[in-house]
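Structure first, then comments.
Here the structure is a predicted model, which means the values were calculated and not measured.
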Amino acid sequence: MRIATYNINGIGSRLPALLQWLDEKQPDVACLQELKAPHEKFPEEAINAAGYQAIWHGQKSWNGVAILVRGTEPVVEVGRGLAGDPEDAQSRYIEAAVNGVLIACLYLPNGNPAPGPKFDYKLQWMERLILRGAELVASGSPVVLAGDFNVIPTELDVYKPERWVNDALFRAETREAFGRLMAQGWTDSLRSMHPDEKIFTFWDYFRDAYGRDAGLRIDHLLLSPSLAGELKAAGVDRDVRGREKPSDHAPTWIELKR
């Protein structure tokens with residue numbers, strides 16, 4: 001079972017790139033972030049024609065998440081949004097049940113500039129995610145938390161750590177919150193398979209970041225304790241970032257023994 005996460009950075013403008021990647025790699029599940037499209041603008045027909053069914057949570061111009069599943073069976077949605085803030089209208093979280101695995105697709109807030117209201121929202125959102133994470137681990141179910149976390153976990157995950165100390169993605173508060181989530185028993189799949197490798201999932205559009213490999217690792221697939229033993233491979237489709245009019249993220253994926 002191949003599960004991928006891909007911040008598409010605008011599904012309208014990146015649809016050809018998405019369809020090309022789906023055709024080449026044919027993941028069983030693809031979690032998308034930053035759709036930047038309202039619900040009615042999601043390209044369901046094109047996704048279906050590519051051999052996938054989908055559920056999505058759109059939002060005009062911003063955010064938006066989707067779960068694509070290969071095949072003809074309807075996707076079973078489990079829930080959307082995180083509890084804890086009834087006034088939060090941002091489309092950042094959705095869950096589906098796929099082949100006995102609960103797939104949670106998320107787009108964690110960026111939080112910049114920090115400090116400030118956006119950073120406060122990021123930390124509050126992370127607290128809500130930690131609560132949901134605890135529920136999922138306690139359930140004993142096989143779960144994948146996949147998405148753009150906007151969190152750089154360690155110095156190994158950023159090209160020049162000293163330049164990111166005060167960025168919301170790398171601030172001590174962010175990493176501390178992420179650490180508490182991981183302490184619930186989640187496995188960082190990519191790091192588990194590549195413990196010492198400097199491996200990135202995002203490269204800015206500016207200053208030839210991709211060409212210089214000046215990247216970040218902020219897209220993660222976390223496995224619940226009951227699923228960690230099924231991990232057999234993990235990687236990044238780095239070349240996708242180097243194509244014409246790409247997203248600034250590359251697809252990140254895992255393979256499970258099921």
Side-chain angles (χ1 to χ4, degrees), residues 2-71 75 80 90-94 96 98 103-110 112 144 146-151 169 190 199-221 235-254:
R2 189 180 181 99
I3 302 170
T5 182
Y6 188 11
N7 181 320
I8 197 66
N9 192 17
I11 197 165
S13 58
R14 317 283 181 206
L15 182 59
L18 172 63
L19 296 176
Q20 179 184 355
W21 171 71
L22 290 173
D23 180 62
E24 290 173 351
K25 301 298 183 179
Q26 298 189 10
D28 297 292
V29 181
C31 297
L32 306 181
Q33 302 86 39
E34 271 202 279
L35 302 179
K36 295 182 178 178
H39 183 86
E40 65 275 10
K41 294 293 186 180
F42 184 83
E44 184 176 16
E45 289 186 7
I47 296 299
N48 293 164
Y52 288 81
Q53 303 299 309
I55 57 172
W56 64 94
H57 189 192
Q59 183 176 344
K60 184 178 180 180
S61 301
W62 305 101
N63 306 322
V65 288
I67 299 175
L68 281 52
V69 180
R70 190 155 61 95
V75 184
R80 59 178 59 200
Q90 296 192 27
S91 301
R92 293 184 175 274
Y93 187 89
I94 195 167
V98 182
I103 307 290
C105 173
L106 63 93
Y107 176 43
L108 202 148
N110 178 286
N112 281 304
V144 179
D148 177 0
F149 281 70
N150 272 315
V151 174
L169 280 63
L190 195 64
I199 184 167
F200 302 136
T201 66
F202 168 91
W203 297 262
D204 204 306
Y205 290 125
F206 303 106
R207 298 178 297 280
D208 189 33
Y210 178 72
R212 296 185 295 113
D213 198 26
L216 316 172
R217 189 175 76 93
I218 56 177
D219 302 272
H220 309 303
L221 295 110
V236 179
D237 293 332
R238 187 185 188 280
D239 64 296
V240 175
R241 173 63 179 84
R243 296 176 180 175
E244 186 177 355
K245 296 182 179 178
S247 168
D248 42 10
H249 295 250
T252 306
W253 54 268
I254 58 172

If I take atom [atom1] from residue [X] and atom [atom2] from residue [Y], how far apart are they, to the nearest 0.5 angstrom?
X: Phe149; Y: Asn7; atom1: CZ; atom2: CG; result: 13.0 Å
X: Gln26; Y: Trp21; atom1: CD; atom2: CH2; result: 11.0 Å
X: His57; Y: Ile67; atom1: NE2; atom2: CD1; result: 12.0 Å
X: Leu15; Y: Ile8; atom1: CG; atom2: CD1; result: 8.0 Å
X: Ile11; Y: Ser247; atom1: CD1; atom2: OG; result: 11.5 Å
X: Ile3; Y: Ile103; atom1: CD1; atom2: CD1; result: 4.0 Å

side-chain hydrogen bond (donor to acceptor under 3.5 Å, both in side chains) against Arg243, all qualifying residues, sequence neighbours excluded |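 For Arg243, the residues satisfying side-chain hydrogen bond (donor to acceptor under 3.5 Å, both in side chains) (neighbours in sequence not counted) are Glu24, Asp239.
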
Can you list every pair that meets salt bridge (Lys or Arg N to Asp or Glu O under 4.0 Å) and has a residue in residues 57-71, with sequence neighbours left out?
->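 As it turns out, the salt bridge (Lys or Arg N to Asp or Glu O under 4.0 Å) pairs with a partner in residues 57-71, which skip direct neighbours, are Asp28-Arg70.
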
So does [Y] get a backbone contact from the side chain of [X], meaning a donor-acceptor N/O pair under 3.5 Å?
X: Thr201; Y: Ile218; answer: yes
X: Arg241; Y: Phe202; answer: no
X: Tyr205; Y: Pro246; answer: yes
X: Ser91; Y: Gly58; answer: yes
X: Thr252; Y: Val236; answer: no
X: Arg14; Y: Lys245; answer: yes

Measure across [X] and [Y] and return the closest heavy-atom pair with its distance rounded to 0.1 Å.
X: Cys105; Y: Cys31; answer: SG-CB, 3.5 Å
X: Asn150; Y: Leu169; answer: O-CG, 3.3 Å
X: Phe42; Y: Ala66; answer: CE1-CB, 3.9 Å

Would you please name every residue forming a salt bridge (Lys or Arg N to Asp or Glu O under 4.0 Å) with [X], sequence neighbours left out?
X: Arg217; result: Asp157, Asp188
X: Asp208; result: none
X: Arg238; result: Asp213

Looking at His249, Lys36, Gln33, which hits side-chain hydrogen bond (donor to acceptor under 3.5 Å, both in side chains) with Asn9?
->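 Answer to the side-chain hydrogen bond (donor to acceptor under 3.5 Å, both in side chains) test with Asn9 among His249, Lys36, Gln33: Lys36.
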
Is there side-chain contact between Ile47 and Leu18, with heavy atoms separated by less than 4.5 Å?
->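 Yes, close enough: below the 4.5 Å cut-off.
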
Test item: Val65 and Tyr93 side chains (from C-beta on) under 4.5 Å apart, heavy atoms |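 They are not in contact (no side-chain heavy atoms under 4.5 Å apart), so the answer is no.
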
Which pairs count as side chain to side chain donor-acceptor pair (under 3.5 Å) when at least one residue sits in residues 39-49, sequence neighbours excluded?
->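 The answer is His39-Trp56.
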
Verify side chain to side chain contact (heavy atoms under 4.5 Å, CB included) between Ile55 and Leu68, making sure each step is shown before the conclusion.
-> CA-CA 7 Å; Ile55 57 172; Leu68 281 52; over 6 Å; no

Starting from the C-alpha separation in whole Å, work towards a yes-or-no answer on side chain to side chain contact (heavy atoms under 4.5 Å, CB included) for Asp248 and Trp203.
-> CA-CA 6 Å; Asp248 42 10; Trp203 297 262; over 6 Å; no

Report the C-alpha distance between Trp253 and Asp237 in whole Å, list the side-chain angles of each, state the deciding distance to 0.1 Å, and finish with yes or no for side chain to side chain donor-acceptor pair (under 3.5 Å).
-> CA-CA 8 Å; Trp253 54 268; Asp237 293 332; 3.1 Å; yes

